[in-house]
K.L.:
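Shown below is the structure under consideration.
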Amino acid sequence: MKPRVLFVDHAGVLGGAELYLLDIVRAMKEQSHVVLFEHGPFYDRLKEEGIEVTVLRSSDSVMGVERTGGRLDDLKAIPGIFSMVMQLRKMAKDFDVLYANSQKALVIGSLAAKAAGRPVLWNLHDILTADHFSGAHRKLGVFLANQFIDHVIVNSQATKDAFGESGGDLNKTSIIYNGIDASRFDSIDDHEVAELRTSLGLADHKIVGVFSRLTPWKGQHILLETLGHLPEVHALLVGGALFQDDHAYERSLRNLAERMGITDRVHFLGFRDDVPRLMKAVDIVLHSSTSPEPFGRVIVEGMLANKPVIATGAGGAKEIIDNGVDGLLIPPNNPMAMVNAINQLVADPVSTEKMARAGYQMARKRFSVENIVLDVQNQIRKAVGDLDVLTYTETSTPSI
Ligand code: UDP
Ligand code: GLC
């Protein structure tokens with residue numbers, strides 16, 4: 001019998017972790033129910049796809065806790081946490097296993113699962129370092145994981161290493177990379193791409209693009225500084241300010257573009273649902289994160305769009321790209337390195353095309369969504385004590 005799984009994620013918006021979860025639950029719809037802590041585009045998307053979803057009555061004090069926030073806010077959140085744990089505990093009794101897909105989901109989900117007597121998995125999508133989390137939040141995450149979580153799925157070796165360095169029990173971790181559905185990219189034809197470039201008024205220009213939410217560590221400011229050195233190049237900034245303080249960063253980017261006098265070449269497109277089409281419309285896909293990227297779906301997506309990808313060489317990016325073979329890695333926080341990498345690709349179209357092709361083939365092979373779903377299903381089966389493991393088809397290659 002297929003285990004019934006209660007997936008838990010705090011976010012109502014569509015970040016990479018939520019898009020990953022969407023692929024997993026889509027593949028196991030009839031045995032899944034998703035619990036979110038707020039309404040938003042993620043909720044709407046799950047509903048549209050016919051996936052069962054519930055929003056908990058969430059407390060503002062819990063939703064307001066920030067990753068790098070202080071202890072006072074944590075203390076204020078305790079009554080709210082208790083109420084949410086009780087709601088989730090009641091639901092959990094109708095399921096075989098819980099699957100927490102975010103940090104807040106870990107806190108509420110691990111306590112609710114144990115109170116209901118159910119096993120619980122945690123999918124860790126973040127690198128637990130001081131760049132992103134306060135010391136107290138790292139300690140709490142690791143404590144809950146070590147005490148209550150049956151198995152921790154991590155999205156890269158880099159994420160696993162940071163979990164271990166924070167004191168996490170590495171014996172219960174498995175690396176499962178994200179998978180990306182290549183058909184969303186393959187189905188786009190050249191005519192559609194040409195039309196899109198024309199509609200953006202950029203038919204005859206060199207275009208680079210960054211496809212990440214607007215937040216300081218995604219490093220869109222590095223891209224703007226890069227453009228200052230490349231007067232012919234236009235840039236698409238695809239992505240919205242998804243979380244709490246990110247609107248201030250968006251304003252600072254717009255101000256920077258104005259101060260640099262490059263507003264005519266910087267195109268802020270906001271959050272978009274047609275990333276594959278937009279990626280196909282640019283000449284180079286850039287990834288500009290200033291701290292190590294836990295995984296980096298956009299890197300794999302750039303490859304599936306058949307584009308040369310330049311990424312900052314830290315964290316998951318180093319596990320995806322073989323530098324010089326299927327993409328380019330540059331040091332983080334270094335606009336001149338980005339300028340040089342762009343110039344290198346533009347100067348040698350033959351090698352660049354070869355690199356893009358190698359990236360496409362590698363991404364199809366290593367990051368197939370079907371295989372990743374199987375890996376996740378196997379971990380779920382193990383957590384409920386079913387050792388009958390699902391295997392890849394002959395044409396597929398293992399993801400781990
Ligand atoms: N994305 C999107 N619309 C946008 C910008 C980004 O759908 O306007 C998607 C992007 O295609 C990718 C995900 O958001 O699948 C971002 O995932 P990634 O792992 O790169 O970074 P995260 O935001 O999760 O840290
Ligand atoms: C997180 C990470 C990102 C990763 C995604 C999916 O949002 O920031 O690097 O690709 O989760 O695992």
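Start at 1 and go down the list; that is how both ligands and their atoms are numbered.
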K.L.:
Show which atoms of ligand 1 fall inside a sub-4.0 Å distance from at least one heavy-atom site of Val298.
P.N.:
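Close to Val298: 10 (C), 12 (C), 20 (O).
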K.L.:
May I ask you to check whether Trp217 and His132 place their ring centers less than 6.0 Å from one another?
P.N.:
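Under 6.0 Å, so yes.
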K.L.:
For Phe268, does the six-membered ring have the charged nitrogen or CZ of Arg254 within the cation-pi criterion, i.e. under 6.0 angstrom from the centroid and within 45° of the normal?
P.N.:
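Yes.
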K.L.:
Strictly by ring-ring contact (aromatic ring centres under 6.0 Å, His included), give each pair with a member in residues 225-244 just once, sequence neighbours left out.
P.N.:
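Listed once each, the pairs are His205-His234, His234-His267.
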K.L.:
Specify the protein heavy atom at minimum distance from atom 12 (C) of ligand 1: its residue, its atom name, and the distance to 0.1 Å.
P.N.:
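Going by distance alone, atom 12 (C) of ligand 1 is nearest to Glu301 OE1, 3.4 Å.
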K.L.:
Heavy-atom contact check, 4.0 Å cutoff: does Leu14 meet ligand 1?
P.N.:
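The answer is no: ligand 1 sits nowhere under 4.0 Å from a heavy atom of Leu14.
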K.L.:
Side chains of Gln157 and Asp161: do they bring a donor and an acceptor to under 3.5 Å?
P.N.:
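Yes, Asp161 and Gln157 have a side-chain donor paired with an acceptor closer than 3.5 Å.
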K.L.:
Just jot down the salt bridge (Lys or Arg N to Asp or Glu O under 4.0 Å) partners of Arg213, sequence neighbours excluded, or say none.
P.N.:
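So Arg213 forms no salt bridge (Lys or Arg N to Asp or Glu O under 4.0 Å) with any residue.
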K.L.:
Does Lys29 come within less than 4.0 Å of Glu49, counting only side-chain N to carboxylate O?
P.N.:
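Salt bridge flag = no for Glu49 with Lys29.
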K.L.:
Report all protein residues having a heavy-atom distance below 4.0 Å to some atom of ligand 2; order the list by chain, then number.
P.N.:
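Residue list for ligand 2: Gly16, Ala17, His125, Asn155, Asn178, Arg213, Trp217, Glu293, Pro294, Phe295, Gly296, Arg297.
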K.L.:
Show every donor-acceptor pair shorter than 3.5 Å between a side-chain atom in residues 297-314 and any protein atom, with sequence neighbours excluded, or say none if there are none.
P.N.:
unit_1	atom_1	unit_2	atom_2	d
Arg297	NH1	Asn178	OD1	2.9
Lys307	NZ	Lys280	O	3.1
Lys307	NZ	Val282	O	3.1
Thr312	OG1	His287	ND1	3.4
Thr312	OG1	Ser289	O	2.9

K.L.:
At what distance is the nearest protein heavy atom to atom 6 (C) of ligand 1, and which residue and atom is it?
P.N.:
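Residue, atom and distance for the closest contact: Phe211 O, 3.4 Å.
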K.L.:
Considering only protein heavy atoms, which is closest to atom 17 (O) of ligand 1, and at what distance to one decimal place?
P.N.:
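The protein heavy atom lying closest is Gly16 CA, 3.4 Å.
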K.L.:
Hey, does Asp273 come in under 3.5 Å of ligand 1, counting only N/O atoms on both sides?
P.N.:
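No, there is no polar N/O contact under 3.5 Å.
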K.L.:
I'd like to check which ligand 1 atoms, numbered from 1 as shown, lie under 4.0 Å from a non-hydrogen atom of Val275.
P.N.:
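Near Val275, meaning under 4.0 Å from one of its heavy atoms, ligand 1 has 1 (N), 2 (C), 3 (N), 4 (C), 7 (O), 11 (O).
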K.L.:
How does Phe271 reach ligand 1, by side chain, by backbone, by both or by neither, if only non-hydrogen atoms under 4.0 Å count?
P.N.:
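Near ligand 1, Phe271 shows its backbone as well as its side chain.
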K.L.:
Could you check whether Ser252 and His221, counting side-chain N and O atoms only, form a donor-acceptor pair closer than 3.5 Å?
P.N.:
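No pair is found: no donor N or O on one side chain lies under 3.5 Å from an acceptor on the other.
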K.L.:
State plainly whether the residues Asp96 and Arg381 are in salt-bridge range, i.e. N to O under 4.0 Å.
P.N.:
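Salt bridge flag = no for Arg381 with Asp96.
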K.L.:
Around atom CD of Glu30, are there more than 12 heavy atoms from other residues, nucleotides or ligands closer than 6.0 Å?
P.N.:
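It does: Glu30 CD has more than 12 such atoms within range.
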K.L.:
Measure the distance from atom 23 (O) of ligand 1 to every protein heavy atom, then report the residue, atom name and distance (to 0.1 Å) of the closest one.
P.N.:
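Nearest protein contact, heavy atoms only, for atom 23 (O) of ligand 1 is Arg213 NE, 2.8 Å.
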K.L.:
At less than 4.0 angstrom from any non-hydrogen atom of Gly270, what atoms of ligand 1 do you find?
P.N.:
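That gives atoms 8 (O) of ligand 1.
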K.L.:
To which protein heavy atom is atom 3 (N) of ligand 1 closest, and what is the distance rounded to 0.1 Å?
P.N.:
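So the nearest neighbour among protein heavy atoms is Arg272 O, 2.7 Å.
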K.L.:
What is the nearest protein non-hydrogen atom to atom 18 (P) of ligand 1, stated with its residue, atom name and distance?
P.N.:
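Here the nearest protein heavy atom works out to Arg297 N, 3.6 Å.
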K.L.:
Count I, L, V, M, F, W, Y as connected when their side-chain heavy atoms are under 4.5 Å apart, and connections chain through other members. Are Ile284 and Leu329 then in the same cluster?
P.N.:
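Ile284 and Leu329: separate clusters.
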K.L.:
Considering only the protein, which heavy-atom contact is closest to atom 13 (C) of ligand 1, and what is its distance?
P.N.:
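The answer is Leu19 CD1, 3.6 Å.
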K.L.:
Between Arg26 and Asp181 (salt bridge meaning N to carboxylate O under 4.0 Å), is one present in this structure?
P.N.:
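No salt bridge links Arg26 with Asp181.
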K.L.:
Suppose we measure from atom 21 (O) of ligand 1 to each protein heavy atom; which comes out shortest, and what is that distance?
P.N.:
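It is Lys218 NZ, 3.1 Å.
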K.L.:
Output yes when Asp126 and Arg138 qualify as a salt bridge under the 4.0 Å nitrogen-oxygen rule, no when they do not.
P.N.:
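Here Asp126 does not pair with Arg138 in a salt bridge, since their nearest N and O are not under 4.0 Å apart.
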